[in-house]
Amino acid sequence: MYTIKRAAELTGISVATLRAWERRYGVVSPKRSDGGYRLYGAEDVRALAIMNSLVNEGWSAREAATETLRRLSSRDAAGKDGRDPRERTHAVPRRVAPLRPGSRYQSEDAEAFIRAAERLDSASATAVLDARFGLGTFEHVVDDWLMPTLELVGEEWAHGRLTVAGEHLVSYAVQRRLAAAYEAASGRADGPTLLIGLPPGARHELGLLAFAVAARRAGFATVYVGADLPAEEWVRAIEARRAAGMVMAVPRHVDIAAARKIVETVNRSHPEVVIGLGGSQQDEIGGSCVHLGHSITVAVGEMSRRLRVPA
Amino acid sequence: MYTIKRAAELTGISVATLRAWERRYGVVSPKRSDGGYRLYGAEDVRALAIMNSLVNEGWSAREAATETLRRLSSRDAAGKDGRDPRERTHAVPRRVAPLRPGSRYQSEDAEAFIRAAERLDSASATAVLDARFGLGTFEHVVDDWLMPTLELVGEEWAHGRLTVAGEHLVSYAVQRRLAAAYEAASGRADGPTLLIGLPPGARHELGLLAFAVAARRAGFATVYVGADLPAEEWVRAIEARRAAGMVMAVPRHVDIAAARKIVETVNRSHPEVVIGLGGSQQDEIGGSCVHLGHSITVAVGEMSRRLRVPA
Amino acid sequence: MYTIKRAAELTGISVATLRAWERRYGVVSPKRSDGGYRLYGAEDVRALAIMNSLVNEGWSAREAATETLRRLSSRDAAGKDGRDPRERTHAVPRRVAPLRPGSRYQSEDAEAFIRAAERLDSASATAVLDARFGLGTFEHVVDDWLMPTLELVGEEWAHGRLTVAGEHLVSYAVQRRLAAAYEAASGRADGPTLLIGLPPGARHELGLLAFAVAARRAGFATVYVGADLPAEEWVRAIEARRAAGMVMAVPRHVDIAAARKIVETVNRSHPEVVIGLGGSQQDEIGGSCVHLGHSITVAVGEMSRRLRVPA
DNA sequence: ATAGGTTTTGTCAAGCTTTTGTACAT
DNA sequence: ATGTACAAAAGCTTGACAAAACCTAT
């Protein structure tokens, strides 16, 4: 049972919004302590996370709440056939068509990865990552295995088959792997300089970190500035590093305003700087900027094209 | 239930047009929230997408609306035999004539592909692509399997047997595959330079990307300029890269005007540059240009003939 | 049987709080001496440690107590199947998918490590550490093996499968290893100076010590100040060493207030000093500071970025 | 496409209560 | 050692506001 503060941290939703969603849409009804404090269970946190992801996809809050309840109830109904949900995890075949043996992109590793998360076994998770990244180019593995698998992990968690701790473990393991790859990719930075970061307040994003690695591997001199810089600081950083471009992720709906301001500010002061956008909310941002899509291969290619080829 | 903004994003139709189509032709009758906001269901989005594709093919809006309703009602009539639509997905045989065993272009993989989309299983979709592209030349696989399969996917979606998310997943997987192939094809660019792109405002197109790969493989030095360049910028890019030719896709009816302007501008300033056209609306464009048809094998051959063999 | 003072030392909880938890939540019911003094058994100490870890994760005290009792009772119930709990330790497979032999990140060593702790075999524990640190870079081994394994050790202890002495043995062995690595990393300190420590009253932390080693290896001139300095002393130390940055761990909930004060004081007197934060409570601290996350690779990279690059 | 009005939704504030670590008195 | 007291931190409810999104009609 989590306090409201903890629930807010776990879901990334503000405390005020948490209360508003409960009051207005009844998406959760947390238990109460004797004194009236809200006590959120794992079930509640999941419901909030689902609703949050829908809102970030562009649903209206009210509709997102309805859909969340619908999904959870349908899940419960499906689960009430007397079977242990744990069993079901392994009963559901995650891969249907048998592929030829030796194929490099089977999704067996995804299963092993998720099981490592279930057991909170960090070492095995790392082992899977090591094995995977040994099988193909970094970009290919990220686009075709890592990011889809992370989505799968999120789904498992949303269905209650994975604990919060399990999801965090996976996230940390991946972050460490990407950080190591980022370090390993340094050295051949003979290309133009790229600033890489997020709007202030956004959470750090694995996808953006993976992009940073790929950008380095493509020869860019990269500077990962994280989620700390307000608009004016972006400008100052561009000047200090004589950056030719910048790439910013816009992962959540609430990040849109801050991202817009940064794009406008940079557009005005440095119109020659190419601004690339990533993240699920990238299309909400206008102005002079490039929407890079959702594949790091494509995104890096796009930035290369813009910065290597003088108009 | 999507907000009007989200529905506009999903279909690529502007919010104002969405309201006009509803008012004038009644193609959709979205539910309303208590406050009167429109709420679009998956059914509505499909209707709009069908109408949009018709309009893009050149139909008048009114005719397109009638046809859309006709198609949907006939589908509903056919569907009202009491069967679960989900069952039907697997009951409908997707392959009619049995091919000789061992034939390289059976459509079993198409089925596996679509099932991966149903399950939102990115890894399996990628596995199918890998398997397919291992079986023949890039050009052959694209013309004879990929593009037809993508049409099949679109059809499945239009019939409600595939979610929006499923269709996006497929689209992204293909885009990643093509991007990788584009990168892999670089290196042997000893031929003339080709600019490849779309009119400003058009959506990026998988067919055009596939053409870019094939052009590279044929020895052209390709520059993929995307959908960003207005007419004058095309001219400037031609000069900067000393391009011998350019290829532009005209996928939608609304792109015709912009495409015409580009062709005219390039014709006037650089009459020696060969202009190739692709996309479903290619025949709407006149002037001095080549209509490349709908096969990338043919299209690349055509461009090679024009640019290698001096007239 | 421990006195209340000793129990307070073992768990890191103040004597007053120990009594309050007993009175208010009944989380433990220690025996009493003839004179009425509390006498804590190993079982009691574990309960208190579990509750303490939950409180440090952000649970409310009352909820943490309930959860602690729940966990202990469920454990007892599970344990009453007549089997020696010792056997169960080995029956639970810690690694499922067989990895290719020779892989560097199997978790067999973790098992050997825990067995050394069980047998109070300091030499074996050290041997495992030596073997591990020989297999990869210091940073990689810490992030991907040492820290996860220490978590595993904590879990074993919480389940009663490891004694207090066993856990201490492990802790000391690791501390010795890290201290040796810290010494070994000296010499090449040509970079900016970094102060490394904890808020007063906090326990020394293995994670922070590991960070200190990695910082040295990255070229920082490091000064490990431990948990002794109050806010004003941090300022004085910064001035005396002309430090460019400082890194502080915030491991427990009770450390938050002291940590906040230090950050505020340093921010006010030396706004140019970069403050990095680690530990599970790092996100509770605001002000001008950098949250370094939970990977020493990432953390050192972050500090390098901030201090090598003049704004 | 614009104008003018409405709905939706995240955030905040005021005033009050509960919780909890620590301190004090017996 | 025990019991009471206290103050800081965190939570609760109600009400309100402002920006964004949406509506209709012209």
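Small disclaimer: the values here were computed from a predicted structure and weren't measured. So that the names make sense, note that chain A is the first sequence line, chain B the second, and so on, each numbered from 1.
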Gap between atoms CG and P, on A:D34 and D:dT17 respectively (whole Å) | 17 Å
Answer with base, sugar-phosphate or nothing: what part of the nucleic acid does A:A20 contact at a heavy-atom distance below 4.0 Å?
-> base
Distance in angstrom units between C:E63 CD and E:dG11 P, rounded = 13 Å
From OH of A:Y2 across to P of E:dA10 the rounded distance in Å is 19 Å
List in chain and number order the residues that pass side chain to side chain contact (heavy atoms under 4.5 Å, CB included) with B:L69, two or more places apart in sequence or in another chain; answer none if no residue qualifies.
-> none
Using whole Å, report how far CG of A:L18 lies from P of E:dA10.
-> 16 Å
Under 4.0 Å protein heavy-atom contact, by nucleotide of nucleotides 19-26 of chain E - B base, S sugar-phosphate only = --BSSB--
Touch class at under 4.0 angstrom, heavy-atom based, for A:A16 against every strand present | base
To the nearest Å, how far apart are A:W59 CH2 and D:dT8 P?
-> 17 Å
Taking all atoms of both residues into account, what is the closest heavy-atom pair of A:V235 and A:S269, and its distance?
-> CG2-OG, 3.5 Å
Would you kindly give the CD-to-C1' distance between A:E22 and D:dG10, to the nearest whole Å?
-> 16 Å
Can a salt bridge be assigned to the pair A:K261 and A:E264 using a cut-off of 4.0 Å between side-chain N and carboxylate O?
-> no
Kindly indicate, with the supporting measurements, whether the criterion salt bridge (charged side-chain N to carboxylate O under 4.0 Å, His left out) is fulfilled by C:E284 and A:K5.
-> CA-CA 11 Å; C:E284 301 297 318; A:K5 188 183 173 192; 2.9 Å; yes
Mind listing the side-chain donor-acceptor pairs of residues 34-41 of chain B below 3.5 Å, one per line with the distance, residues two or more places apart or on another chain?
{"unit_1": "B:R38", "atom_1": "NE", "unit_2": "B:E22", "atom_2": "OE1", "d": "2.7"}

In whole angstrom, give the distance that lies between atom CZ of C:R62 and atom C1' of D:dG21.
-> 14 Å
